[in-house]
Amino acid sequence: MCLAFPVQITDITAGPMPMGHVAHGDTIVSCCFAYVPEAQVGDYVLMQSGFAVEVLDPDAVAQSFDAFADLVDQGLSSPFTLSCS
Amino acid sequence: MIQHIDVHQIIDAAPARVVVTRDTTGAVQEASFDLSGLPRVDALLTGRPVVEVPGLVERLCSICPAAHHLAGMRALESLVGHSQMTPTAEAVRRLLHLGSVISIHVVGLIMTHPAEALVLRRFAKAAMAAAGSPGHFPVTGVPGGVAAPADPAQRDLCAQMVADALEAARRVAAACMSAPVPEDHFTGADVALVDDQGNLDLFGQLLRAVSADGTPLIPGARAEQWDELVVEAVPGAPAPKPYLKALGASSGAYRVGPVAQLRIGPVTTPVAQDLQTVWLAGAGGASSARAIVMVHAVEAIAALLEAPELVDGQTGHPWPESLPEAVGVGWVDGARGLLVHRYATTDDGRVRVATILTPTAQNEPWLADLLRTAVEDSSGDTMRAGVEDAIREADPCLPCSSAPAGTMDLEVDTVSIDTSLKGL
């Protein structure tokens, strides 16, 4: 299924395929911003497979985190590793 | 069924992976797209209060939240036998759905038609805001109806954008219809939602299936009949290889999405109908089909905005305090095609079994067919270009599907098998 996770933009390098980085917890990962030309540093975006696919407002970020946290409450081994029995 | 989801696997860049199986002579036996990067969350829903499921799924599977929101609401309502909404609830939900269809299709246009994408994205957002959902996650639907009628001021704002949006969608359609179309020899059925006259209806209540030559296989079935219509050959798998039960596993393959939507029956809005006629008489193709469906969605929204029930009327039916032990099925025909939510519940209103069948999962057999055609009799850069085109055509719900030509992060693995050993 088309899972996506909210991450925060730390930097963007402009260009035909704008690239940059996002923060996910303490981890910084590379991200392509081609589909969200309106995105700015500090924004939260939904990320899937190395691409930012949507800029999120703070409410949506909280809702998305809550949904994943809800699964974490089912007894998961780390904050961002989800599992079921 | 999945045992765990690692968020790094969701966000980290990963190439689209295609596996080509060849025999010892080099002939292609099969080609497939690896869907393991799109795990199903069905098993994670077991035991939860069923009324919470639509909200949870739309926030996890957040690329198409409105489609999950609406299919989930319909599945809940199916549990208690509600199949008819009030006119206001039906109109507001339909507005949300049509706006959502445009907003998803726009992602694929941002790099190829940026000016049109901007106009259409604003229009889609305005439509969804008028339907009560200004943010990414919809709040339009409530079990039994909608939270409120459309806001008249938001409706008027959206109406002011119709002409520009329609012109933008027409320009995209014109460009797409003159572009080359990948070879497509798919012989399976087309499946989409229709109204009671057999016309395409992206928010319809009836499922229609037609064969490759246009013969109706399922004239119009209701969601409650779902278990008699489609079977997953590999239940719960990311690529479950579903098939039409009446035709059997060997010949029941089908596809969903814009190509199926245009082949299923007449489009009822005038500009899109003219484009559909040209499309059906020509080479077809998914990119132009997506554009024509967008034209249709803009026209359908324009008509909805003039409906008095959109902004005034009863918002829904009363919702019971407790839910029965039952099976409920809800669906919508989204940007990528049919999305189905099926909830089987216990007598205390919790999920016994949930099944979420996405368009990407349903289109995997079609994509495999396109890939096989692309890799047969080709090699090197030619094969790579063909594989990219095939992926773009079937449009799995991954960002790579929207990458411009030549830029798709793609990994093609070849597996050799000795067919002489078959049956040993």
Side-chain angles (χ1 to χ4, degrees), chain A residues 1-7 16-19 22-25 27-39 44-85, chain B residues 1-16 37-48 52 55-65 68 103 107-108 110-111 114 117-118 121 134-137 238 336 356 358 360-361 396-400 402-404 407 409:
Chain A
M1 294 175 68
C2 327
L3 304 180
F5 195 78
V7 291
M17 288 284 275
M19 297 297 296
V22 296
H24 153 50
T27 308
I28 303 293
V29 296
S30 178
C31 182
C32 178
F33 298 99
Y35 301 135
V36 285
E38 73 276 28
Y44 275 87
V45 288
L46 270 180
M47 186 173 178
Q48 185 197 33
S49 303
F51 287 79
V53 292
E54 182 78 32
V55 178
L56 294 181
D57 61 47
D59 279 352
V61 173
Q63 290 174 47
S64 184
F65 277 135
D66 284 350
F68 280 93
D70 193 5
L71 296 186
V72 171
D73 289 343
Q74 283 192 318
L76 308 172
S77 56
S78 79
F80 299 110
T81 301
L82 316 178
S83 63
C84 67
S85 55
Chain B
M1 287 294 179
I2 58 168
Q3 296 302 310
H4 69 277
I5 300 170
D6 182 343
V7 170
H8 283 291
Q9 289 179 345
I10 299 172
I11 65 174
D12 287 352
L38 296 174
R40 292 172 73 168
V41 300
D42 306 20
L44 297 168
L45 305 172
T46 301
R48 294 179 167 277
E52 297 177 2
L56 180 60
V57 173
E58 73 200 37
R59 284 162 177 76
L60 296 173
C61 309
S62 46
I63 305 296
C64 315
H68 283 291
S103 76
V107 174
I110 288 171
M111 283 188 275
L118 187 62
R121 177 177 262 183
H136 182 68
F137 295 115
R336 288 187 165 88
I356 316 291
T358 64
T360 297
C397 188
L398 285 165
C400 67
S402 300
T407 67
D409 189 9

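Note on naming: letters A, B, ... go to the chains in the order of the sequence lines (proteins, then strands), and numbering restarts at 1 for each one.
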Exercise for the section: Identify, with sequence neighbours excluded, every residue that meets side-chain contact (heavy atoms from CB on, under 4.5 Å) alongside Leu118(B). Expected result: Arg122(B)
Show the atom names and distances, to 0.1 Å, of all donor-acceptor pairs under 3.5 Å that link a side chain in residues 50-61 of chain A to residues at least two apart or in another chain.
residue, atom, partner, partner atom, Å
Glu54(A), OE2, Lys125(B), NZ, 2.8
Asp57(A), OD1, Asp59(A), N, 3.1
Asp57(A), OD1, Ala60(A), N, 2.8

Problem - Non-hydrogen atoms of Arg59(B) and Phe68(A) that approach each other most closely - result: O-CE1, 4.2 Å
Handout entry: Nearest non-hydrogen partners of Met111(B) and Pro16(A), listed with the distance
Key = SD-O, 4.5 Å
Problem - Heavy-atom proximity to chain B below 4.5 Å, by part of Pro37(A) - result: side chain
Problem - Main-chain N/O of Gly55(B) paired with Gln63(A) side-chain donor or acceptor, under 3.5 Å - result: no
Handout entry: Ser62(B), part contacting chain A, at a heavy-atom distance under 4.5 Å
Key = both
Handout entry: Side chain / backbone / both / neither for Val7(A) at chain B, heavy atoms under 4.5 Å
Key = side chain
Handout entry: Atom of Ala4(A), atom of Ile63(B) and distance for their closest heavy-atom approach
Key = CB-CD1, 3.7 Å
Handout entry: Atom group of Ser64(A) that falls short of 4.5 Å from chain B, counting heavy atoms
Key = both
Handout entry: Most chain A-contacting option - heavy-atom pairs closer than 4.5 Å, from Pro399(B), Cys400(B), Gly108(B)
Key = Pro399(B)
Handout entry: Contact summary for Ala34(A) and Ile110(B), nearest pair of heavy atoms
Key = O-CG2, 3.4 Å
